[in-house]
Amino acid sequence: MKPFANALLAWFDEHGRHDLPWQHPRDAYRVWLSETMLQQTQVATVVGYFERFVEALPTLRELAAAPEDQVLALWSGLGYYRRARFLHRAAQLCVERHDGQLPRDFDALVALPGIGRSTGGAILAQAHGLRFPILDGNVKRVLTRYHGIHGHPGESAVEKSLWQRADTHTPTMRVADYTQAIMDLGATVCTRTKPRCGTCPLADSCIALRDGLVTLLPSPKPAKTTPTRETVMLVLRDARGRVLLERRGPQGVWPGLWSLPEAADVDAAWRSARQCARIDDAQALPPFTHVFSHYKLRIEPLLFDGATPTRSIADNAAPTPESRWCDTSELVALGLPAPVRKLLQNLEGHLA
DNA sequence: AAATCGGGGAT
DNA sequence: ATCCCAGATTT
């Protein structure tokens, strides 16, 4: 009937975790607290925090009545204190709205701060045996592999598909165990690296295993479209064909390399150019884009030909930035950024 | 250095 | 509804 759930439950009976502190007793408050802690921290670490927390604040009402400082102190070391504040606030709301209990109604539950679809489902399933799916990181990994789902789980279409699968697999019987089982499988067998497919109860029908995709799924987050910055590069060339270069500062890209002077836009380029040389006119050269790992740089070269170097520059007396007029023959010896070298080479070939 | 995690908040 | 960020840990 539900081969996925049955295989998982059989595995869980033998290999799952049955001794986690929030399983004994398994009430809504303890499940909620554990799920919230587990959103950010691994089981091994959470256990100690959980035990201290419930010893100090064993019930939702006591949590609601506790001073925030105490809640934060109990949370101290777990990080992400916003979640502790949500927890505290939600407890107070439960006292106000729900008679001091976490609601058994899904919509009322997810209306509380810090409880979303997955945590809400986990509470209802684990504490009350209600048939609600969960979709935490472990489950996402199991399902993307089992069904061979490509695409980053963060993409809405993929996530939608995952919720759909999660729902279909969730059984009506033993929902609490099932929920724990699929999380345990993800945590101990279907791990992100070095999954132990040899011991997996779902190996028979796992698409990723069948197709050799286990290491490829879940798909990594697509490289975010890199921002594009724009710059105008000034090619100041004097009558002898020398080009003005500047040494870049120690910060930013191309630290310490010799490069063309830059400006934010054409106007600024003109202002800057006139400080270095007497200029007649400018010619826009074809723009091109240089790709860095973290952004794209669209370069608009602006050629000032027949520039007459200003005396101070010609004498190398300019204070900052360090700059010099270079012969094309000197360029090879200088450490030029690749796109600048390319630009100057094209210039030579094109206009020489 | 980059990915991760589930939920909140902005748009 | 859809995108983007949080905030600390892990890889």
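All values below come from the heavy atoms of this structure, side chains included, with hydrogens, waters and symmetry mates left out. Every chain is numbered from 1, with letters handed out A, B, ... down the list of sequences.
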(request) Would you check, one step at a time, whether the test salt bridge (Lys or Arg N to Asp or Glu O under 4.0 Å) holds for A:R278 with A:D238? (result) CA-CA 10 Å; A:R278 271 192 297 280; A:D238 69 8; over 6 Å; no
(message) Quick check for you: among B:dG8, B:dG7, B:dT4, whose closest atom lies nearest to any side-chain atom of A:K221?
(response) B:dT4
(message) On DNA chain C, compare the nucleotides closest to A:R83 and A:G77; which residue's is nearer the 5' end?
(response) A:R83
(request) Look at the side chain of A:Q42 and decide which nucleotide, out of B:dC5, B:dG8, C:dT10, has an atom nearest to it. (result) C:dT10
(message) OP1 or OP2 of C:dA8 versus the side-chain N and O atoms of A:T41: is any pair under 4.0 Å?
(response) no
(request) Check every strand shown and say whether A:K160 touches a base, only sugar-phosphate, or nothing at a heavy-atom separation below 4.0 Å. (result) nothing
(message) Looking only at the side chain of A:R82 (C-beta and beyond, no hydrogens), which of the listed nucleotides C:dC3, B:dG8, C:dT10 gets closest?
(response) B:dG8
(request) Over 60° means perpendicular and under 30° means parallel, so classify the ring planes of A:W75 and A:F53, tilted if in between. (result) perpendicular
(message) The side chain of A:P113 is closest to which nucleotide in this list: B:dG7, B:dG8, C:dC3?
(response) B:dG8
(message) Looking only at the aromatic ring of each residue, does the gap between the centers of A:F304 and A:W270 stay below 6.0 angstrom?
(response) yes
(request) Starting from the 5' end of DNA chain B, give me the residue, A:W163 or A:H152, whose nearest nucleotide shows up first. (result) A:H152
(request) Give a yes/no verdict on a cation-pi contact between A:R89 and A:F86, requiring under 6.0 Å between NZ or CZ and the six-membered ring centre and an angle within 45° of the axis. (result) no
(message) Side chain of A:F86 only, heavy atoms from C-beta on: which candidate in B:dG7, C:dT11, B:dG8 is closest?
(response) B:dG8
